[in-house]
2 protein chains.
Amino acid sequence: MDTAERLVESTRELLWERGYTGTSPKAIQQRAGVGQGSMYHHFAGKPDLALAAIRRTAEEMRALAEEEFSAPGTAVDRVTAYLLRERDVLKGCPIGRLTQDPDVMGDPALRAPVDETLAWLRERLAEVLAEGRERGELNTVLDPQAVAATVVAVLQGGYVLARAADSVQPFDQAIAGVLGLLAAHISMPRT
Amino acid sequence: MDTAERLVESTRELLWERGYTGTSPKAIQQRAGVGQGSMYHHFAGKPDLALAAIRRTAEEMRALAEEEFSAPGTAVDRVTAYLLRERDVLKGCPIGRLTQDPDVMGDPALRAPVDETLAWLRERLAEVLAEGRERGELNTVLDPQAVAATVVAVLQGGYVLARAADSVQPFDQAIAGVLGLLAAHISMPRT
DNA sequence: GTCTATAACGGGATAGAC
DNA sequence: GTCTATCCCGTTATAGAC
């Protein structure tokens with residue numbers, strides 16, 4: 001892994017652990033094992049590095065989610081698989097957490113990938129749910145967009161509860177709860 | 001409002017807007033219109049002031065929530081009223097956001113009120129839902145604790161989505177979604 | 001490309017005068 | 001109780017040597 005690469009990876013980790021405001025260029029350099037001058041040779045500064053890091057994290061997140069969304073199975077199966085996927089719950093969502101950082105949300109360039117990733121997630125989930133509804137797998141009274149927002153919110157909020165409790169339990173309960181609520185709306189698909 | 005009071009209020013605002021790491025003693029003093037020495041006379045330092053601020057915010061949050069939980073009406077009515085209560089959505093939850101601050105979560109004293117408040121919220125909601133289940137208002141297949149966690153998570157996650165989008169729409173959708181999912185589980189209470 | 005100064009600035013707090 | 005001065009350190013770079 002070359003220097004620029006190591007810098008981006010260190011930045012990704014630190015943004016996840018400590019957020020943008022809590023992450024200093026010095027900390028990035030130390031974790032990457034890269035000198036001061038070297039960092040400023042490859043990147044214009046902290047915002048530039050953060051942008052590269054956030055973009056990569058966003059891309060990775062979409063790719064991982066799309067794996068579940070485009071898998072075989074019914075719509076509900078795929079949404080369920082996405083909800084039950086293994087996650088680093090206590091670390092939270094590396095994209096969602098940036099939402100709390102005023103310096104990120106105040107910079108249009110840094111904000112864009114955060115906004116787009118979460119919007120894409122909701123859209124994509126809504127598509128999957130709409131597909132399930134068309135196929136008769138899902139109660140037609142449900143609004144796919146609303147349920148999609150709920151699903152993403154349960155995950156994001158589940159992270160918050162888990163971090164507060166320093167336990168995965170409330171996260172798991174929140175997931176179990178929404179799956180339980182969803183169950184009554186599932187029907188056998190017309191084959 | 002006296003000096004100590006103004007300091008606490010300013011701290012509460014800044015913690016909400018910028019988080020713990022993003023809030024400096026100087027910023028607190030300026031917003032409160034209080035001098036350096038004055039602040040250190042009334043409080044031992046930043047953590048001490050933050051503790052007072054967080055405790056007050058936590059107390060306020062519980063009091064507001066309890067208003068809805070102990071109101072008249074069915075269990076589902078009260079949970080619905082809580083979910084639909086007017087909120088400063090784009091500012092997010094002043095307690096939930098602290099969850100993302102490693103300096104807060106790393107300090108047991110600062111962390112405690114965050115943990116306790118969110119735990120209390122889930123417990124209290126679970127009690128209301130359990131009551132509704134006993135009265136036959138709610139499908140018995142639902143686990144009150146799980147649904148309670150889901151409800152709190154939808155709110156916390158809804159804030160995240162709203163802040164990312166800089167719009168209340170995804171928040172409102174997430175709430176609408178969970179209410180829609182809940183609807184199928186409601187039955188007429190045995191009177 | 002990477003290194004070591006250097007620097008302007010803010011964070012977080014202490015000291016002592018008033 | 002409040003004010004000003006002072007302090008040390010970390011942040012976020014820039015400059016120029018190697």
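Keep in mind that this is a model prediction, so the values were computed, not measured. First the proteins, then the strands, lettered A, B, ... as listed; each starts at 1.
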> Rounded to the nearest Å, what distance is computed from the NE2 atom of residue B:H42 to the P atom of nucleotide C:dA13?
Replying inline: 17 Å

> So what does B:G35 hit on the nucleic acid, given a heavy-atom distance under 4.0 Å: a base, only sugar-phosphate, or nothing?
Replying inline: sugar-phosphate

> Checking all strands, does B:T21 fall into the base, sugar-phosphate, or nothing category for heavy-atom contacts under 4.0 angstrom?
Replying inline: nothing

> Atom OH of A:Y40 and atom P of C:dA5: how far apart are they, to the nearest Å?
Replying inline: 17 Å

> Hey, does the side chain of A:D101 reach the backbone of A:T21 with a donor-acceptor pair shorter than 3.5 angstrom?
Replying inline: yes

>> For B:G33 versus B:R6, what's the shortest heavy-atom pair and its separation?
In response: O-NH2, 3.8 Å

>> Without decimals, in angstroms, what is the distance between B:L7 CG and C:dG12 P?
In response: 15 Å

>> With nearest nucleotide decided by heavy atoms, which residue, A:P25 or B:S38, maps closer to the 5′ end of DNA chain D?
In response: B:S38

> Between B:Y20 (OH) and C:dG11 (P), how many Å, whole number?
Replying inline: 14 Å

> A:L98 pairs by side chain to side chain contact (heavy atoms under 4.5 Å, CB included) with which of A:T117, A:V114, A:T57?
Replying inline: A:V114

> What is the distance, rounded to the nearest whole Å, between atom NZ of A:K26 and atom P of C:dT4?
Replying inline: 13 Å

> Can you say whether the rings of B:W120 and B:F69 are parallel (under 30°), tilted (30 to 60°) or perpendicular (over 60°)?
Replying inline: tilted

>> In whole Å, I'd like the distance from the CE atom of B:M39 to the P atom of C:dA13.
In response: 7 Å

> For B:Q29 and C:dA13, what is the distance between atoms CD and C1' respectively, to the nearest whole Å?
Replying inline: 10 Å

> Considering all heavy atoms of both residues, which atom of A:S167 and which atom of A:L90 are nearest to each other, and what is their separation?
Replying inline: N-CD2, 3.6 Å

> Nearest-Å distance, CG (B:L14) to P (C:dG12)?
Replying inline: 12 Å

>> Surrounding NZ of B:K91 (heavy atoms of other residues, nucleotides or ligands, distance under 6.0 Å), is the total greater than 12?
In response: yes

>> At a heavy-atom distance below 4.0 Å, which nucleotide of DNA chain D is the first touched by chain A, and which is the last?
In response: D:dT11 to D:dT14

>> Both conditions, 6.0 Å and 45 degrees, for the charged tip of A:K46 above the ring of A:Y20: are they met here?
In response: yes

